[in-house]
Amino acid sequence: MTLTHRLRDIAMALAITLLCGAAALAAAPQQKTQAPGYYRMMLGDLEVTALSDGTFQMEPGKLLTNISPEQLDAALASGYLKSPIETSVNGFLVNTGSKLVLVDTGAGNLFGPTLGRLLSNLEAAGYRPEQVDEIYITHMHGDHVGGLVVDGRRAYPNAIVRAAQQEADFWLSKAHMDAAPADRKEGFQSAMSMLNPYATAGKFKPFSGDTELVPGIRAQGAHGHTAGHTLYVVESKGQKLVLWGDLMHVASVQFADPSVTIRYDTDPVSAAVQRKKVFVDAADHGYFVAGAHLPFPGIGQLRASGAGYTYLPTNYGALH
Ligand SMILES: [Zn+2]
Ligand SMILES: [Zn+2]
């Protein structure tokens, strides 16, 4: 065999290898599905499972207030983001060992097909809806209560639903709905359609003030985003996690500048005051925090940074 022949054979073998390699890549179709939407951590003796309800496209320029368009563009760019921002909706399941407690239920079918997955992710995480003992609602916006009812029936048939009395008084009042502008009435209707089946069954029990609801979980009022917006503080063996609900919405903007507000706030001034107060406490003490609209799983810690805060998403951990 001449050198030319040998080179030709090597080139041919190489070409076949490359072609086969290409064929092998093309043969496996891309899956284009995300991992199951749950993330689990232990907090002392308590098991906490973040549950994804899905994501939606948010246009912060149409929603955020108390910020100029230039400031907003700069804040988004510093987070390598641009509008619209894909935004998570998260709920949190706490197994205390004696009670299974769900905090917020996602949007159900109120907000289209990209949301409404919390229930299937609860099942993927190893639980059944009938096992849920209590449901704590941070506030009655549709993306937090929309998962309470499926096809007119209670999705969690054995659960007691709890929320702040002020929240119930505001959203479940026909007088308030009648007085609201036309484009705000739907929010009242959806809150009523989600809570009333539980109330009728004797399974809706509003609470008043900051109070322990089960051992290890207590309510802490942070009114402003809505009239009865409530944080839930989870504690065990010196570890602490504060479930924030809608204390904030846009991580890339509001950690750096907590004074930025959102049109959904019933009382934006109080919402900003609460946000600043809660951020200060979280950074001072370094405990875990979790947001309904922080990127899934939405659990992390805060550090003070200049005039604002840096958010540190929790380090991934295996469970033993
Ligand atoms: Zn809200
Ligand atoms: Zn929300």
Side-chain angles (χ1 to χ4, degrees), residues 37 50-60 62-66 84-92 102-112 114-118 121 135-148 161 163-164 166-172 176-177 180 183-195 219-232 242-255 258 260-275 278 289-299:
L51 298 172
S52 173
D53 192 52
T55 61
F56 69 101
Q57 300 291 332
M58 176 192 275
E59 293 185 72
K62 291 185 179 168
L63 296 176
L64 293 182
T65 46
N66 206 20
I85 307 174
E86 189 165 2
T87 300
S88 294
V89 175
N90 311 318
F92 299 91
L102 176 63
V103 178
D104 286 345
T105 65
N109 56 19
L110 294 178
F111 286 79
T114 67
L115 293 173
R117 299 172 185 189
L118 187 141
N121 283 322
I135 300 174
Y136 301 158
I137 297 298
T138 60
H139 66 300
M140 294 188 187
H141 280 159
D143 53 322
H144 300 256
V145 295
L148 279 171
V161 176
Q166 295 96 322
E167 195 68 3
D169 289 346
F170 184 81
W171 292 105
L172 306 181
H176 279 136
M177 181 168 73
D183 64 339
R184 297 265 165 149
K185 289 190 197 298
E186 200 182 335
F188 291 86
Q189 282 158 355
S190 57
M192 289 176 195
S193 68
M194 293 296 149
L195 272 300
Q220 181 183 315
H223 308 169
H225 177 60
T226 58
H229 184 267
T230 298
L231 318 180
Y232 293 99
V242 182
L243 304 174
W244 277 356
D246 279 9
L247 184 80
M248 61 171 302
H249 292 79
V250 186
S252 54
V253 176
Q254 289 171 298
F255 281 125
V260 176
T261 45
I262 193 162
R263 284 189 202 286
Y264 303 135
D265 292 334
T266 306
D267 176 352
V269 173
S270 298
V273 168
Q274 290 296 333
R275 184 162 43 252
V278 172
V289 299
H293 300 302
L294 290 174
F296 182 77
I299 302 172

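Bear in mind the structure is a predicted one, so any value in this text is a computation, not a measurement. Indexing begins at 1, ligand by ligand and atom by atom, following the structure's order. All residue numbers refer to positions in the sequence shown, counting from 1.
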Problem set entry | Side-chain heavy atoms of Leu195 within contact of Met140, under 4.5 Å |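 Result yes, sub-4.5 Å side-chain heavy-atom pair found.
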
Exercise. Do Met177 and Gln189 have side-chain heavy atoms sitting under 4.5 Å apart?
Worked result: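 Yes; the side chains approach each other to less than 4.5 Å.
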
Problem set entry | Asn66 atom CG: more than 12 heavy-atom contacts under 6.0 Å |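 Above 12, so yes.
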
Exercise. Take atom OH in Tyr264; do more than 12 heavy atoms of anything else shown fall under 6.0 Å from it?
Worked result: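 Atom OH in Tyr264 is not crowded, with 12 or fewer foreign heavy atoms closer than 6.0 Å.
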
Exercise. Parallel under 30°, tilted from 30 to 60°, perpendicular over 60°: which one fits the rings of Phe56 and His293?
Worked result: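 The arrangement is perpendicular - the two ring planes meet at more than 60°.
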
Exercise. In chain order, what residues pass the side chain to side chain contact (heavy atoms under 4.5 Å, CB included) check against Asp104, with sequence neighbours excluded?
Worked result: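 Testing Asp104 for side chain to side chain contact (heavy atoms under 4.5 Å, CB included), a comparison that skips the adjacent residues, returns Ile137, Thr138, His144.
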
Problem set entry | the Zn ion (ligand 1) neighbourhood, protein N/O/S only, threshold under 2.8 Å |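 Near the Zn ion (ligand 1), the protein supplies His139 NE2, His141 ND1, His225 NE2, Asp246 OD2.
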
